[in-house]
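Each chain gets a letter, A, B and so on, in the order its sequence line appears, and its residues count up from 1. Since the model is a prediction, treat every value here as computed from it, not as a measurement.
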Amino acid sequence: MEQALILICSIIAIGTAVMVIFSRNTVHSAMWMVGNCFIIAVLFLLLKFQFIAILQVIVYAGAIMMFIIYAIMMLNLRVSDDSAEPLKNLLNGRYLLVALLLIGLFIIGVGFGPMALKGSMTDPAMVKFGEVELLANYIFSEGLLPFELVSILLTASIVGAVYLAKKN
Amino acid sequence: MAEYQNIYLILSAILFTIGCGGVITRKNAIVVFLCIEIMLGAVNLAFITFSRANSSPEGIFMVMCVMAVAAAEAAVGLAIFVLLYRKTGSINIDKFNLLKW
Amino acid sequence: MFDYVWLIPTLPLIGVLVNGLFGRRIEKANKSIIHWIACGSVGLAFFVTLIIFVQMLRLEPDKRFYDYIWFTWMESGEFTVPMGFQIDPISMFMCMFVTGVGFLIHIYSIGYMWHDEHDEGTYFRYFTYLNLFMLCMITLVLADNFLLMFLGWEGVGLCSYLLIAFWFSTKEFAIAGKKAFITNRIGDFFFAIGMLLLIVNLGKHGIWSIKYADVFAHVSLLSPDLITLICILFFLGCTAKSAQIPLYVWLPDAMAGPTPVSALIHAATMVTAGVYFVARCNILYTMSPLAMQIVAIVGGMTAFFAATIALTHNDIKKVLAYSTVSQLGYMFMGLGVGAFAAGLFHVLTHSFFKALLFMCSGCVIHAMSGEQDMRYMGGLRKKMPITFATMVIATLAIIGFPGFSGFFSKDEILWMAFSSPSGNFMLWLIGVLAAAMTAFYMFRLIFMTFFNECRASEEVKKHIHEAPKSMTVPLIILAFLSVVGGYIGIPKALGGSNLVEHFLEPVIGFGKGKLFQDATGTAIMHGAETAGHHSHTMEYLLMIITTLIVFGGIFTAYMMYMKNRSIPEKLAQKVPLLYRLMLNKWYIDELYEWNVIKPLHTFSIFLWKITDTMIIDGLVNKTAQFFMWCGSMLRHIQTGYVQRYAVTFVAGTVAIVMYYVFLLYI
Amino acid sequence: MNQLNFPIISFTIFFPLAGVLLLLFIRGDKEKNYDLMRKAAFVISLFEFAVSLAFPIYFNSETPHMQFVEHVSWVKSMGLSYFVGIDGISLWLVVLTTFLVPLCILCSWTYIQKYVKAFLISMLLLETAMVGAFVSLDLVIFYIFWELMLIPMFLLIGVWGGPRRIYSAVKFFLYTAAGSLLMFVAIIYLYYYNYKITGIATFNLLELYNLHIPISIQFWLCMAFFIAFAIKVPMFPFHTWLPDAHVEAPAAGSVILAAVLLKMGTYGFLRFAMPLFPYASHQFLPIIAVLAVVGIIYAALVAWVQPDMKSLVAYSSVSHLGYVMIGLFALNIQGVEGGIYQMMNHGLNTGALFILVGIIYERRHSRMMEDFGGIAKVMPIFATFLMIVTLASVAVPGTNGFVGEFMILVGVFKTYPLFGVFAVSGMIFGATYMLWMYQRVMFGPVDKEENKNIPDLNLREIAMMVPIAVLIFVMGIFPGYFMRKMDASVSLFINRFNKDYQMYVQEATGKNNTNLAITNAALILSQDRSANPDEIKDRPL
Amino acid sequence: METLDFILPAMSMQAVWPQIILVTTALFVLLADVFKRKEKTASTGFISLAGSIIALGCLIMTWPTSGGSSFSGMAFTDGFSFFITLTVLLILIMTIMISINYQKFFSRINCGEYYSLLMFASCGMILMAAAGNLILLFVALETMSVSIYVLAAFHKDQLRSIESALKYFLLGAFASGFLLYGFALIYGATGTLDIVKIGKFISSHPHILHSKLLIAGLVMMTVGFGFKVSMVPFHMWTPDVYEGAPTVITGFMATGVKAAAFAALIRVILVPLISLKGDWTSIMWIAALLTMTVGNVVALAQENVKRMLAYSSIAHAGYILIGFVAGTGLAQAGMLFYLMAYAFMNIGAFGVVALLGKEEGEYNKISDFAGLGFKYPMMGVGMAIFMFSLAGIPPTGGFMGKFYIFTEGIKAGYVWLVIFAAINSIISIYYYLRVVVVMYFHSSEGLVTMPRPSRTTVLALAIACWGVILMGIFPSYFWSLATNCIFTLV
């Protein structure tokens, strides 16, 4: 059951991702992207990471994607260029290259090799893991520095974005 | 559930590659950026999977950071796009090759 | 006891330095100081030489060797070359006449150069060169080793160059000077190889010295073949210096210089260096019969060949020049047949009369306002009696007129050519024919210059006058020497005691057998002794034949240039080819020009333009251009399209991934 | 050994730098300061020369070892040290350098009219580099000075040069640097190899002399050194940068280039390539000898047909340096001493020739021989000096050129008589092209109007030519004084070379696989990769 | 239900004092900018300069004596990070000093955003080098990148500047994806993102070496870092971005980013993953070769100084990669040394380029330098020194850097690579010389004039010059600093 769910979600995720690429309309692309974000959130949930799944929806689908769509609207970019002809370009060398990359990644073991795991997902001790408090614990102990740095990053990006976007 | 993690990984690889493909084919800067976001999403998926597999919180935290980074990049990136659009009326990345050779 | 020998070269050196460094100022202040310094230094050198000579004569013949080492010249490891002077009969013999004749010519030059109208030929420069020449020549003859001799050897070549090109504003003169130097250099090339072979091969036996004494003492260590090779190389060097076939070509052209220079360098001293050297190395040469043979044959050939060219020439100095070549040929012939003393004796007499001839011709040219073509002379007998008289004396001497100095020396050579074991009839015949031709062309010269009517332009005629005292006095002295010079070497056959040979015996020394006991040498020694046993009758007979033939030459000249002056022209028309060949010096110069110099020049241009500029440098530039080209091609990868960059990026990733695929699975 | 107890070598190296500092304080953009700067630089270089005279004076000819040595650790961890010293081989080259720099400053007194300050600074900087390169006994220090020389020379050619100066300057720089960078790699490899074998990190030349290098490696290292030095010399197929550089360089640049920089190449062979790699040097000997002989004749022939005086002299340099090379590779005391002597001679003679060509160029703005003729008449003093120098250049006995050439030939005949014969032929060609030039320029009628009023040398010019002329004769007549000082060092060099060579020969015959050298080298080049790099990693500092 | 009990990490603030100061200054500058009275004054610049200098002082005060880490292993306080921090701070200080002059031509530069972004970027760089954890490393890298994306576009009315930012942004984000994916895979293979733990895990689980995840992670990380250090074939952005970005920023980018990226490369790949060396070295070998060759060869054909320097920076990455290939401790020290020398000379070179400007424009063509060597002697000498140093001509830092790198390369057995590097150096000499040639050998047409540079800029260039020369003549100080730093590398 779970496997089926995973597979279905995977297919949907792939499908939405493909549609992001193949939509001629930018807005459509963005909308497919939102879908993709959602489905990934679902996958997170399947991995029992509720908090991060919610974060995914809020931050990604909610914030970033809205931001992007807003930008698209603002720039009035409804119809994208011809580069998104779905099938015509499928045998494009670039797709082949990408396919090669994927195959190569698979061959050298991404997703197929044995994994060195400390625990497994079924480990009952780990069920609790994924709770917010553990994450919080991490963030405010070991992860303090990156966490603080993220704030600097965001400040920098805001400062930059404001500078760039503001008119003289 | 252990046997499923490879599915996640494969999915993440596939998504990553699709994002990749998008980046190298689409001309619209925003779509390209979307594709990059797909890649980041794929990476997030991998992190989450491993986090679960390794039962360590680092992966999750990483994912949070990636989200923050994505947001920051989105802000800056879109600002650049807007700037470009203002300047040239287009964000077709193939139109920008003033700098070459 | 001869420790002051260093004075001999030093005195001219002082002259060189003083005149060379301050000459310009001195000349401005008082021109005559220049020649006082120059002549004074040479005169003093002569004086010192004389003292040494006299001192030496007082010694036993065996003890007449003295090696004075002034300082070490070169030293490197075991190899040292001293700056040393050797006093022995042969060097003193040479030094005597070099300084003596040199001194006379210096004095003569005062008159000749005083009114030099070529404005580039400054007085002090001339005397500097002349003194430098004396310095070099003295070094050449006094040197106690091959290398120091080589210093003088090249030095005289250099001075010859400087003096030939003395009036450098005339391009031909400058080219002649260059030609002289380069031709000499070609000879020196062979000479140097010979010397180096000698040094190195003796070095193999632990003799790291090229002092004559050391070399000659150990020469038997060397293989005969090597000695032959060395001798031939040395002789090739001598052919350049002493103007023998094939390297004589520079000497006739060398007449471009002031006439005293021709007298000094190209007749009396420098050109005899080759003869001196072969005589000096007689021990080497006697060890190599083949080399001796070659020397003799080349000498004979040159004597004959040069004489033929002299027959037709109209330039007074060129005729004398060819006669010099011819006479030098005689000397080598003498050397080649083992008559070293005779060769040197001829050097001595030749120096007297040839210097005299040149000086006389100098007077003539001086009088004729620089005209050198005999066709525009004539009838000078009256106007220049002293010159005429002395010139006739010199002519008689050179043609070997009995009783004059040339007679004795030349006869000795001819006799040896005939009688010595290394000589033969052919050599003698060639010698005699050359003598006949000499008589002919010398008298042709006398007749054309001094007899008949004067063919010069009126303008020139007015100025014809006898030379000043400073010029005529040396003439007279030399004329006297030309006559009596021969009497010191009257051969035994004529009742003389041949003082020259006696004097030189310790050096031309295989007779003594002291320095040298090699089998080959002994054979020749025996040969020489047997030569001595030829009957005097034979000698008389040959002497008479020669004399008659010489008279024949004079008579022919008289017939052609006094009696019936149309003959030469008719003759020229009859055998035009031969005439033209002779007139154009057998086209030897052209031969060299077209077969050696031109092709080499073309080849050099080829090397420069094609090999150097196109191929080698082209390769260098092409390499650079290749990288530039690569750069300009590769830069186009950078299309400016960001997506292409991303593609490259992915491609790079794929490549790395594939590498690992390869690594892991294949 | 430092007999003076004073860092005199360092003083000599760095004194010109102090001069540079001094010059920096003079405002360079004012015309009226030009003369002041020239004088200052001249005095500095003259003082430098005076100081350097201490070397021959206090030099101990008895010992073959380095003298006036200074040894200071520079970068301890890498084994770099500031190690300088002088022996018989470098002694005269140093003096030659310091001797020529004041002359160069003199000869460009009026020649250089723009950027005088920069010019003088370049000259002094060049002096530092040149002296440094001659006295360095640490490979890296040597390399630093060696490369440092390029910069001022590059500027000299490029800024004050002729019309094609840029091409020439860049070519000069690139060509020379190309060779030396490969040498640089070889130096490092040598260091590494020494470290691997002995465990001592050092670039000390004297210590590296004792290193036993497998034959197969030697070949490659030797090749790298050889190419670097051969380019600098320059040997026959690597010579094409030289005519270009010479033709375009200003007189002073040409002088330094010919007189000192080229010596770096030959000196490098003697000091570095040969003693470090005796066996390989010996194996390369036929090639070097052939190239040297070809160079002698080839360059002479090419020189003969040059229309430009400077390029003629430049090609003559190639020819002369061919002599030096073949002398050095005669590998006996005469050859090597002759070679060193010839280096000095060439420095002096060719330097003087370039000065003279510069003088006439300054007056006529042409170096084409066809533009001249009869100059001897208008410039008799010039003609005299040119004659003296020409004669020295064609090695007329009595001049310095002869001594060097003859010693070389003795050496060569000892080893290779056949090559010797070819080498001697340079005598003829040398005379041919030099006199050809002399005749075309100095002799003949003065048929060009602009040649009629050329002023003769002034006092300054005479003052710079006189020392050279005197030295030409002094060195020609009293070479013993100079050679005696080299004797011990050169003997040591020869002995060590022969000893080492014999050792290697035994090794080679023992293994009987000399022909496999290249294969071995390839192996060696690749073998270390598999080795654990950590072996050499953490060594105590 | 467990309570939240924070175990606050052992926070030795030593690791972050400079960063804190930088960030504070940055924020202060932003504020100060708002209250700035006159438009033209360079107060923001000077404030930032003061802040950076204080940061530098702080850094020197907290000179580490031994390796260590703080924030629970999140940030290292070892010599390595000290060295990179020092380098970055020097770069920052010089950049700010040059910017103060540069804003004469581009008044837009004279704003709080500019300086604060510079400092944010530096902060990111420093933390990149100090990061003990891939999370921090990633965030630091992004902090740096995001700031620089903006800085690249700082001439926002110039299309070239924006275009360069676009390119940098798109490719940078793309590369971040790869890097991140690599991190993920490493994380998957070893179960941790802590660099030390990764190393420990690998050494305690030898079988992990066969883990394909690890290899895949390594590949992706190589790609990601390769982008930042502009390793061929991930270099394509470099010339365009360097050309388009404001010159001062280009200098900052070329040195700071490179230093930080190489530092991260050493930290992440060379130290914990050293056991995988065998496999990756051949890749790096080829990459190093390609990097220097492409960089040098294409630079030959460039007309624009900035672009030429961009290619040259690619080439230099190639040289530094030799040290990476060699991989020994001393080689890493060599890399550090080289990075510092490179920082001096490249900042200097770009600084000189930045001196030439006109109102809202720059002179970038090599031909623009014609005759300037003599027209502006100090500038000329400076540029020449930087060029010679870049070309590796002694006695400069560039030479010494090459010397160390080559030595270590040979020691590790990569003779051929070093030979190729030497050949490349020869090629490179040509285009560096070209600048000198143009400056000194061409006559100036009088078109290009240099306004009198401000004192700070002169000082910055003097520092750079001194740095280059000092590192060439007295390298031992820097060298021992670098080696000491490497040996405290955890």
- Query: Does some side-chain heavy atom of B:Glu58 sit less than 4.5 Å from a side-chain heavy atom of E:Leu134?
  - Reply: no
Among residues 236-244 of chain E, residues within the sub-4.5 Å heavy-atom range of chain B, in order of number, are E:Asp240, E:Glu243, E:Gly244
Value for CG (E:Leu136) from CZ (B:Phe61), rounded to nearest 0.5 Å, stands at 9.0 Å
The reported gap from CD1 in B:Ile80 to OG in E:Ser164 (rounded to nearest 0.5 angstrom) is 8.5 Å
Honestly, the part of E:Asp194 sitting under 4.5 Å from a heavy atom of chain B is both
Side-chain heavy-atom pair E:Tyr187, B:Ser51 within 4.5 angstrom cut-off | yes
Value for CZ (B:Phe47) from CG (E:Leu180), rounded to nearest 0.5 Å, stands at 5.0 Å
Smallest heavy-atom separation, B:Ala46 atom then E:Ala184 atom, equals CB-CB, 4.0 Å
Whatever's closer than 4.5 Å to a heavy atom in chain E on B:Leu40 counts as side chain
Note: vs chain E, highest number of non-hydrogen pairs under 4.5 angstrom among B:Arg86, B:Glu37, B:Lys87 is B:Lys87
In this structure, CE of B:Met62 is separated from CG of E:Asn133 (nearest 0.5 Å) by 7.5 Å
Of the listed B:Gly59, B:Ala79, B:Ala70, B:Ala75, the one with the largest count of heavy-atom pairs under 4.5 Å with chain E is B:Gly59
To the nearest 0.5 Å, atom NZ of E:Lys167 lies from atom CG of B:Leu98 at 8.0 Å
Within a strict 4.5 Å, meaning less than it, do heavy atoms of the B:Val32 and E:Phe174 side chains meet? no
Closest non-hydrogen contact found for E:Arg160 with B:Leu99 is NH1-CD2, 3.1 Å
Interface check, chain E: of B:Ala42, B:Ser12, B:Ala29, B:Gly19, most non-hydrogen pairs under 4.5 Å belong to B:Ser12
So, the part of E:Gln302 with a heavy atom under 4.5 Å from chain B: the answer is side chain
Cut-off 4.5 Å, heavy atoms of chain B, and the answer for E:Tyr181 is both
Okay, B:Cys35 and chain E: the region with an atom under 4.5 Å from a heavy atom over there is neither
Margin query: Using ring centroids (six-membered ring only for Trp), state whether B:Phe16 and E:Phe178 fall under 6.0 Å.
Written below: yes
If you tally heavy-atom pairs under 4.5 Å between each of B:Asn44, B:Thr88, B:Val23 and chain E, the highest tally belongs to B:Val23
The reported gap from CD1 in B:Ile93 to CD in E:Glu163 (rounded to nearest 0.5 angstrom) is 11.0 Å
Heavy-atom closest pair (B:Met39 atom, E:Gly177 atom, distance to 0.1 Å) is CE-CA, 4.5 Å
Do the non-hydrogen side-chain atoms of B:Leu84 and E:Leu159 ever get within less than 4.5 Å of each other?
yes
Turns out that what part of B:Ala68 lies under 4.5 Å from chain E's heavy atoms comes down to neither
Are any of the side-chain heavy atoms of B:Cys65 and E:Glu142 separated by less than 4.5 Å? no
Under 4.5 Å to a heavy atom of chain B? For E:Arg307 that would be side chain
Can you tell if the side chain of B:Phe50 reaches within under 4.5 Å of the side chain of E:Phe183, non-hydrogen atoms only? no
Residues, nucleotides or ligands: over 12 heavy atoms within 6.0 Å of B:Lys95 NZ | no
